[in-house]
Structures are given as structure tokens and as C-alpha cells.
Number of protein chains: 2
Amino acid sequence: MLTIILAESELEIMPGELVNHPLIVSFAHQRRKQPYRILLDSNYHHVAMKDLVDGRRRGRPDITHLFLLTALESIANKKGQLKIIIHTRHDDVIYVNPETRIMRNYDRFVGLIEQLFEKKIIRSQEQTLLELKQKVPLNKVIEELKADKIIAFSEEGKATNLNKYLNDLKKHKEKNIVCIVGGFPSGKFNCDMESIAADIISIYPEMLVAWAVASEILVNYEITYL
Amino acid sequence: MLTIILAESELEIMPGELVNHPLIVSFAHQRRKQPYRILLDSNYHHVAMKDLVDGRRRGRPDITHLFLLTALESIANKKGQLKIIIHTRHDDVIYVNPETRIMRNYDRFVGLIEQLFEKKIIRSQEQTLLELKQKVPLNKVIEELKADKIIAFSEEGKATNLNKYLNDLKKHKEKNIVCIVGGFPSGKFNCDMESIAADIISIYPEMLVAWAVASEILVNYEITYL
């Protein structure tokens with residue numbers, strides 16, 4: 001089994017500092033929602049975000065959206081060999097049912113995640129599709145997975161050929177693999193990743209977007225294990 | 001070199017039959033554009049499209065968008081080993097400069113493609129980013145590429161392990177590979193693919209979305225050739 005965790009992803013409800021900002025109030029009004037019920041989105045709110053702590057990094061639901069569209073549509077997922085978890089900067093954790101069909105339309109995706117933050121669960125008939133648990137730090141999320149190997153992906157990690165690396169894991173009968181991919185647009189993990197992951201690896205000398213890293217993990221995993 | 005052609009993609013300017021449809025007129029008005037200058041988009045126009053020929057298949061700029069976000073951000077592209085071509089149902093062909101940074105925001109992407117259909121070229125400083133050539137059938141596009149091997153991907157093709165398949169090509173010193181992926185939501189290629197591609201292969205027994213097929217091609221190509 002492969003688990004991919006999109007860690008420290010920039011997915012959050014409008015922070016308190018901005019709910020009274022005129023641009024946010026007007027944007028929320030247009031969407032007929034309360035300002036404290038909409039997602040922070042730098043694509044629309046960047047002007048209001050300029051004084052926000054970490055403002056140039058935050059508000060990126062698009063990264064989570066593209067990551068989910070990549071992971072859920074992968075062969076590994078269709079074969080039932082993938083767990084997908086979204087962890088956010090505020091330690092909100094979203095458990096994603098592999099059968100979830102995420103809408104390709106971004107605005108509808110944003111609406112879905114807003115509903116999730118409000119209700120904590122999205123169900124379809126008998127199934128839970130998305131479940132939100134709050135205040136679960138990344139190390140707790142990982143502990144529950146009882147992984148054979150925990151690997152973080154970072155531009156600053158050790159240069160590694162992923163294909164050879166996974167083949168070595170397979171030889172050592174390590175099957176339950178957890179891969180941690182950053183869900184932020186640039187920069188480093190905020191947490192102490194060295195205390196969490198067994199290896200921090202770099203698969204390309206420059207920055208890659210989260211969904212490109214996810215593709216590399218998924219296809220290499222399929223080739224090695226499936 | 002790897003070329004991926006997104007073939008028969010459902011990307012087109014509003015067809016003549018719909019430019020006077022009240023829903024389209026009103027949608028175009030909201031966007032402050034002329035109806036004959038907007039992209040057909042089933043996400044917004046599905047009600048107006050119900051009597052359109054092939055209406056359930058057409059108007060899917062989202063597929064091209066997600067395909068481009070996958071291909072352009074791949075390691076193969078960053079290493080300068082990828083050509084990306086979009087071919088549409090009306091034989092419009094878009095040549096994509098590998099250095100193009102496609103906007104993640106879907107509405108802005110749609111605006112860009114509308115501009116491309118109007119001006120036929122999108123430039124940034126000294127570079128051509130996107131170029132549109134009209135009335136170029138798929139076989140002509142492929143002829144110009146002087147490929148060693150032309151492979152089409154289809155659910156109905158021959159079940160194939162892509163990793164082994166590419167390794168065999170490499171052994172036979174076939175390096176200039178053209179992969180054809182369908183840019184439509186479901187169904188078959190309209191053209192006679194058997195007369196175009198040397199092999200029609202299936203990498204999974206069920207339908208895969210275009211960007212998942214692209215991921216498989218890109219990562220397998222990187223492992224085999226780069």
C-alpha cells in the first residue's frame with residue numbers, strides 16, 4: 001500500500017485577521033457566503049493578503065485540487081493501492097475516500113471544501129467521501145499508518161533515483177510506504193521533517209509542483225509494486 | 001525526444017449553431033465578449049448544447065488545461081525532452097513552447113485560449129509561447145515530426161506494459177517517440193487511428209483521463225530514456 005500525504009498544504013478557511021477586510025467582505029458577498037466560511041485563495045485575495053503572516057505562501061487550494069485530480073485518477077488508486085491524505089498548515093487533516101470523484105471545476109471544488117470545513121464530513125449515499133479531523137499534527141497522522149518506510153520529498157533532500165530507491169525498498173520487503181509531498185507553492189516544510197521521515201529525497205535539482213511529484217511517486221510505485 | 005499529442009481534443013470556439021442561443025448570448029455578455037469569441041465549455045453551456053451534434057462529448061477545455069499542467073510541469077519537459085502539441089476536433093493545432101507557464105486558474109486559461117483563437121499566436125517578449133495553425137489534420141502534424149515510432153493510447157488497444165514496451169523501443173534504438181492521447185472525455189478516436197499509429201496500446205483495462213495517461217507516458221519515458 002502506498003500513502004501520499006500532501007503535507008502543510010495551504011488550504012484554510014479565511015483567517016480572522018481578514019474577515020472584516022473590505023475586499024474579502026465584498027468577495028464573500030458576491031459568493032453569497034459569510035466571510036468566515038470561505039476558503040482563503042491567493043488567486044482572488046492576494047491584495048488583502050499582503051499584510052498576512054506568510055501571505056505569499058498561503059491560500060493555495062489550487063495545489064490541493066491539482067494534487068487530488070492527479071492522485072485519484074491514477075492507476076495505483078484505481079487498483080485500490082493508494083491512500084490519500086491532505087494535511088494543512090493548521091493541522092487540519094482530510095481523509096480522502098479513494099472512490100471520491102473530485103470535480104474538475106475549481107470553483108465547485110472550493111465550494112466542496114468550504115462545505116467540508118463547515119460539516120467536517122462529506123457523504124454520498126452510504127459512503128464517507130471526505131472527512132476532516134482538526135488539530136492532528138503530521139507526526140500523529142503518520143503514526144496511525146504503521147508504515148514500513150516514511151519518505152519526504154524536498155528539493156533540498158538527497159538526490160535520489162526514485163526507481164532504484166523503490167526497488168531497494170521492495171527487496172527489503174518494505175511494502176507499506178508513506179510519501180510526504182509539500183502542499184505549498186515554494187519554500188521549505190515548517191515542521192522538523194528529519195524527525196518524521198526516514199529519508200528526505202530530491203528527485204530533481206529544481207522545484208517541482210506537488211502534482212508532478214505525486215505523478216513521479218505514483219507511476220514509479222506502480223512499476224515497482226503493482 | 002518525446003512528443004505527446006493531445007488528439008481530437010474538445011477545444012473549440014462557440015459553434016455557429018449556438019451563437020444566437022439565449023443562454024450563450026447571456027453568458028458571453030456577462031464575460032463582456034462576443035458569443036463567437038468564447039470557448040465552448042460544457043461546464044457552463046451544457047443546457048444550450050443538448051441539441052448540438054456530439055454535444056455530450058464537446059466543450060471540454062478543462063481536459064486540455066489539466067493535460068498541459070501535467071505535461072509542462074513534468075521532469076521530461078524541464079529536461080528539454082518534450083514536445084507538446086494540442087490537436088482539436090476541427091483540426092486546429094496548437095504548438096506549445098515548452099517554456100510556457102500555463103495559468104493554474106481555469107478561467108484565465110480559457111481567456112488565453114480565446115485570445116489564441118483570435119490572434120493565432122501568443123507571444124511573451126521575444127518568444128512565441130503558443131501558435132495556432134488551422135486545418136492541419138492529425139496525420140500531417142505527425143508527418144512533420146519524423147518519428148521513429150508512433151503510439152496511440154486507447155482503452156481498446158492491445159494490453160501493454162508500458163515500461164517493457166519502451167525498453168524494447170530503446171533496445172531497437174527508437175528514440176524519437178510520438179504518443180497520441182485522446183483529448184475527449186470518453187468514447188473512441190474519430191479518425192482511423194490504425195492508419196496513423198504503428199501500435200495502439202492500452203495501459204489499463206478501464207478508461208483513464210488524458211492527464212493520467214500523460215503522467216504514465218512521461219514518467220515511464222523518463223525512467224527509460226533520461
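Scope of the values below: all heavy atoms of this structure, side chains included, with no hydrogens, waters or symmetry mates. Lettering follows sequence order; numbering is per chain, from 1.
A salt bridge (charged side-chain N to carboxylate O under 4.0 Å, His left out) with A:Glu8 is found for one member of A:Arg57, A:Lys188, A:Arg60 and no other, namely A:Arg57. Screening B:Ile150, B:Leu145, B:Leu82 for a side chain to side chain contact (heavy atoms under 4.5 Å, CB included) involving B:Thr3 leaves a single residue, B:Leu145.
For A:Glu222, the part lying under 4.5 angstrom from a heavy atom of chain B is the side chain only. A:Leu66 touches chain B through its side chain: at least one heavy atom from C-beta onward sits under 4.5 Å away, while N, CA, C and O do not. With a 4.5 Å cut-off on non-hydrogen atoms, A:Met103 does not touch chain B at all. With a 4.5 Å cut-off on non-hydrogen atoms, A:Leu69 touches chain B through its backbone and its side chain both.
Heavy-atom pairs under 4.5 Å with chain A were tallied for B:Leu208, B:Asn161, B:Ile75, B:Asn163; the largest tally goes to B:Ile75. Ranked by non-hydrogen atom pairs under 4.5 Å with chain A, the options B:Val209, B:Asp62, B:Leu162 are led by B:Val209.
Residues satisfying the salt bridge (charged side-chain N to carboxylate O under 4.0 Å, His left out) test with B:Glu118, not counting sequence neighbours, are B:Arg37.
Salt-bridge formation is detected for the pair A:Lys149/A:Asp199: a Lys NZ or Arg NE/NH1/NH2 atom is positioned less than 4.0 Å from an Asp or Glu carboxylate oxygen. Ion pairing between a basic and an acidic side chain is recognised when a charged N comes within 4.0 Å of a carboxylate O; A:Lys78 and A:Glu99 show no such pairing.
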